[in-house]
2 protein chains.
Amino acid sequence: MSVGSTERGPRVTRPTIVDVAVRSGVSKSTVSNVIRGVSAVSPRLRERVQAAIAELGYRPNGIARQLVQRRTSTLGLFVGDLGNPFYGELVKLFERHAHLHGFTTMVSNTDGSSERETASVDGFLERRVAGLALLQSSGDPALAELLRLESVPAVVVSSHDPSFDSVGVDEEKGVFLAVQHLAELGHRRLAYVTSAYVEERTNRIRHASFAIACVEHGCEQSEPLHLDVDAVLAGAVPAAPEATGFVAANDLTAIALVEALGRQGRSTPDEASVVGFDGIALTALAGVGLTTVAQPLEEMARTGLQLLLDRVGEADGPPRNVVLEPRLVVRTTTGRSGG
Amino acid sequence: MSVGSTERGPRVTRPTIVDVAVRSGVSKSTVSNVIRGVSAVSPRLRERVQAAIAELGYRPNGIARQLVQRRTSTLGLFVGDLGNPFYGELVKLFERHAHLHGFTTMVSNTDGSSERETASVDGFLERRVAGLALLQSSGDPALAELLRLESVPAVVVSSHDPSFDSVGVDEEKGVFLAVQHLAELGHRRLAYVTSAYVEERTNRIRHASFAIACVEHGCEQSEPLHLDVDAVLAGAVPAAPEATGFVAANDLTAIALVEALGRQGRSTPDEASVVGFDGIALTALAGVGLTTVAQPLEEMARTGLQLLLDRVGEADGPPRNVVLEPRLVVRTTTGRSGG
DNA sequence: CTGAAAGCGCTAACAC
DNA sequence: GTGTTAGCGCTTTCAG
């Protein structure tokens, strides 16, 4: 028989539903009924129970509930780098919506490592999460295979994956907008720039889209550049291709590129134009003024959660892949070719 | 009697420890023993059990385990704004260390709202988190009172709170370094700048420290400025005091300030010098080159987790408050007064 | 070294 | 309406 402390305040063992039942002179079920607000309980009893709950400082044990219900209201989130404001913002929005639906989120920062991913999946699965959201993943096929095997609801957010439910922007369109913008400004020689801060699959599709868009706009493609962002942060001055227009795989890479070009004496937008991808709010500020292809973060988070909750709610059927529209935001890192 | 599916692959009901026991012809306890790796189990049985586990694709149910053990290995994290890279980075580091210690983290983004905080505490408490980390909090005394009442281990990270275990930087020292730097550059008229993106308690202490440091360095204080960062992001041109040196309450505010000053035709560092606080990596890039007071994030996360785990491990005693050293990072938003 | 049995705190039939 | 009962899947004495 559990006792708990009769007084509120620091306690060793928390009061249980039985304590509440005893104190209010009713059965466990009645207490349970008032807690859950189901099946009519007479006002008198309800009041007594609520009083006992307040006096005891009782809090339902969610663990026990989850065990008996054989389901949790916990979602597992994978993100590559929370230090990237794009993902920080995305996690924040996703968590906000999840909270609105009564779900709590567990976060795993994977640093893009598939070992870390796998380890976290194990943890999440043992904790019986209701579903998983991959805000950024290593793309390791073993992960997809594992999730399918375990048949846990999962959604890919901010990227595309035909084998999962997913929501992301129209990558081709986004890159197209960037190239079109540069072409209209008179740039004829363009270069694609990526870095370790870009998810590999995303990088591939953006790069491919870049190549296509260049052809469509009659632009010449320079050698693509793989920028070492950390080195730039540390003060290095990496070489960059001789293009006048640059399309970066994401904003983080773009601002590092602007910095790197600056150190070579190639200032934006006079000597070079740079377009980013993501739409990080910060990039609007402090001399950055990055021209970029913005993703509809809010809508992405909302849609991603919805897709996931649909699956959690047993929805069946083939994967649904939602494609959102990107938007070009012109600021000050792009200008007419040749000044 | 639970059955589960005998084949691996999509399943409705997962195999339990009983399924494993039956399949390997041993008792539940023996299976439990091999899972937990405790109490010597004969190699033969262990092998049989492990084979059954693999064949069934069995995964221990953490929920059941947590229930019977009456404790979880889950930590609750409060953060005001994950979109602020400072906190994104902090959460990432904290989660990393927690993971290393076998803990999983649940995140709640509070937007500094104490209602949201309270709602999340309820959720966390029902889920019986082992401990709570406040990476940023509204400072609402009701929250502190609630946590004390519930006697849940808690730690405040990146800020100070005598009523909790906490780890943060020496705020006075940090602001002192900023003011000293400006004074040495010949600035005699200084202004303190804050915004809605600064935790209130942190703001108060930094502002107070600023006042003291100004006196110590014989500087004049202009009217403090409360900057509307979102308005700046949206393109507004807010007025700023006539000082030549500015100390911002954090980096986000600082870069918005640099931008706002720029729009008034007061470029940094020529017409005005700005010092931030936090040390967000991004501020090193792309024309920002923010001079700032950097906080030792990694050490903060590590120490914070350690303090928390000590409490989770029943450690008793008065609150421990760890104070870390801030470091001035001079970049390009500060220069000699008058050019 | 292995197994049987008693719960952890709660929900969800099913009786009363 | 309200109480009784049988578990959810696991750990943990305690016998054998």
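Please read all numbers here as calculations on a predicted model, not as lab measurements.
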Under 3.5 Å, is there a donor-acceptor pair linking the side chains of R46(A) and S42(A)? no
Is any side-chain heavy atom of S32(B) closer than 4.5 Å to a side-chain heavy atom of I17(B)? yes
Answer with yes or no whether S32(B) presents, from its side chain, a donor or acceptor under 3.5 Å of a partner atom in the base of dT12(D). no
Whole-Å distance, I17(A) CD1 to dT4(D) C1', equals 14 Å
Test item: side-chain donor near acceptor, S163(A) and D161(A), under 3.5 Å: yes
So, is R65(B) close to the dG9(D) phosphate, meaning a side-chain N or O under 4.0 Å from OP1 or OP2? no
Is a donor from one side chain sitting under 3.5 angstrom from an acceptor on the other, for R127(A) and T74(A)? no
Without decimals, in angstroms, what is the distance between R70(B) CZ and dC10(C) P? 11 Å
Tell me whether the OP1 or OP2 atom of dG9(D) has a side-chain N or O from T16(B) closer than 4.0 Å. no
Distance criterion of 3.5 Å, no angle test: do you see the side chain of K28(A) paired donor-to-acceptor with the base of dT11(C)? yes
How long is the line joining CG of N61(B) and C1' of dG7(D), in whole Å? 14 Å
dA4(C), dT2(C), dC10(C): which one has an atom nearest the side-chain heavy atoms of S29(B)? dA4(C)
Between CD of Q66(A) and P of dA12(C) the distance, given in whole Å, is 13 Å
Most 5' of V68(A) and L45(B) on DNA chain C, judged by nearest nucleotide: L45(B)
Using a cut-off of less than 4.0 Å, is there contact between a side-chain N or O of T30(B) and OP1 or OP2 of dG3(C)? yes
E126(A) CD to dT11(D) P, straight-line distance once rounded to whole Å: 10 Å
In whole angstroms, the gap separating P of dG9(D) from CG of L67(B) amounts to 12 Å
Salt-bridged, R65(B) to E126(A), with N to O below 4.0 Å? no
Please state whether the phosphate of dA12(C), meaning OP1 or OP2, lies under 4.0 angstrom from any side-chain nitrogen or oxygen of R36(A). yes
For D19(A) and dC10(C), give me the distance from atom CG to atom C1', rounded to whole Å. 13 Å
Between I63(B) and N33(B), which is nearer to the 5' end of DNA chain D once each is assigned its nearest nucleotide? I63(B)
Give a yes/no answer on whether the side chain of Q69(A) brings an N or O atom under 4.0 Å of OP1 or OP2 in dA12(C). yes
